[in-house]
Amino acid sequence: MNKIKLPLPQSGGLILSYKCTAACRHCMYFCSPQWKADWFTEDDLIEFFSLLSRKINSSPWGNNSVSLNHGLHFSGGEPFLNYDLLWKAVEIAGEYNIPSTFVETNCFWCSSDETTREKLMNLKNAGLKGILISVNPFYAEYIPFEQTERCIKISRDVFAENVMIYQLDYYRQFKQLGIKQTISLEDYYKLIQNNYLTGSVEVEMFLMGRANKSLRDFYPKYPREVLLSQPCTTPVLRNWHNHFDNYGNIMPGYCGGVSLGSWRDINRLVDEGIDLEDKPVLRFLISEDIEMLYHFARDFGFRENPDGYLSKCDICFDIRRFLFETEKFDELRPREFYLYSV
Ligand code: SF4
Ligand code: SF4
């Protein structure tokens with residue numbers, strides 16, 4: 001397999017920058033306030049949307065509706081950190097008729113009803129179709145829950161049914177628990193243990209990125225042999241929910257630090273394929289063969305953690321982090337992902 005075609009992207013997220021107000025323990029991309037503010041430029045936004053025009057599919061309910069794995073979302077990091085750029089990006093996306101656009105936020109900016117309504121109305125008037133509001137115990141360590149509630153309430157006024165709460169079960173649970181301010185993960189666990197009315201919430205949780213470091217004491221660890229026989233969470237190559245970042249990378253939505261190529265070359269990558277000749281790491285990842293990647297890395301001196309790993313993605317990242325240090329593999333991008341992962 002020396003060349004493989006990039007599936008034509010039909011949905012995805014635009015990472016305006018990786019900078020964030022929070023440093024959530026589960027963040028797939030190690031986002032934090034420490035990242036440099038390397039935002040998408042306006043010229044890059046125009047180039048990006050001109051390339052993506054007529055590729056992105058609308059939600060099944062139409063161009064003016066939203067759904068998680070359709071259309072295009074504005075993401076980060078935290079996109080509201082650069083509100084003017086977000087606004088501009090929404091306008092340019094509208095000029096190129098990108099359907100089903102929505103913004104993803106942690107609600108740090110929702111300090112008053114007036115500001116929240118004004119910012120959301122401006123984005124709606126610029127062409128934004130909806131919003132995804134993040135709710136779980138990791139965000140709650142940074143964002144007062146009353147701000148999240150404000151964002152949800154006012155978003156429903158502005159975007160009606162085009163408001164997605166990710167994850168709704170946590171939102172319901174936090175309301176039941178009467179949480180208003182921020183709460184540490186440890187206090188949250190104590191609260192649910194002492195509250196027989198709520199119980200635990202069973203929701204999707206990906207053990208990738210920072211989760212594998214900061215949640216190490218919360219989950220069991222397994223030996224490499226057990227994990228590497230598991231399938232990947234999602235295929236690396238697919239046409240839905242890819243991410244396009246401010247450093248020019250196309251990335252599989254759930255695998256941070258893996259570049260499929262530059263979005264500037266998207267048409268060539270779709271028509272002619274990704275050249276894997278000089279991208280051995282990407283070749284192993286695409287075939288989900290992390291066992292072979294492990295043996296490949298051993299030849300460079302990689303040694304696995306004798307304490308075991310939380311997930312297949314945990315060992316995959318450990319290997320890639322090691323290989324990144326050799327500076328031999330262009331597919332391990334953006335560089336900042338690895339530099340900020342320590
Ligand atoms: S999960 Fe979202 S809010 Fe949390 S650090 Fe990552 S980008 Fe920021
Ligand atoms: S094991 Fe690696 S390639 Fe597979 S889903 Fe996890 S991070 Fe992606």
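Order of appearance sets the numbers: ligands from 1, and atoms from 1 within every ligand.
- Separation of the H241 and Y254 ring centroids falls under the 6.0 Å cut-off.
- Using a 4.0 Å cut-off between a side-chain N of Lys or Arg and a carboxylate O of Asp or Glu, R150 and D113 qualify as a salt bridge.
- The pair E325-R321 counts as a salt bridge, with a side-chain nitrogen and a carboxylate oxygen less than 4.0 angstrom apart.
- Salt bridge D289/R283: absent, no basic N to carboxylate O contact under 4.0 Å.
- Protein N/O/S atoms closer to atom 8 (Fe) of ligand 2 than 2.8 Å number 1 in this structure.
- Side-chain contact of S111 with Q147: a donor-acceptor pair under 3.5 Å is absent, judged by distance alone.
- Using a 4.5 Å heavy-atom cutoff, the side chains of V258 and E331 are not in contact.
- Looking at R320 against ligand 2, only its side chain comes within 4.0 Å, counting heavy atoms.
- A salt bridge is defined here as a Lys NZ or Arg NE, NH1 or NH2 lying under 4.0 Å from an Asp or Glu carboxylate O, and R298 with E304 fails to meet this definition.
- The aromatic ring centroids of F337 and Y247 lie 6.0 Å or more from each other.
- Using a 4.0 Å heavy-atom criterion, the residues that approach ligand 1 are C20, A22, A23, C24, H26, C27, C31, G77, N106, Y139.
- When each of K221, R216, K213 is tested with D314 by the rule salt bridge (charged side-chain N to carboxylate O under 4.0 Å, His left out), just one qualifies, namely R216.
- Residues E336 and K36 are not paired through a salt bridge, judged by the lack of any N-O separation under 4.0 Å between the basic side chain and the carboxylate.
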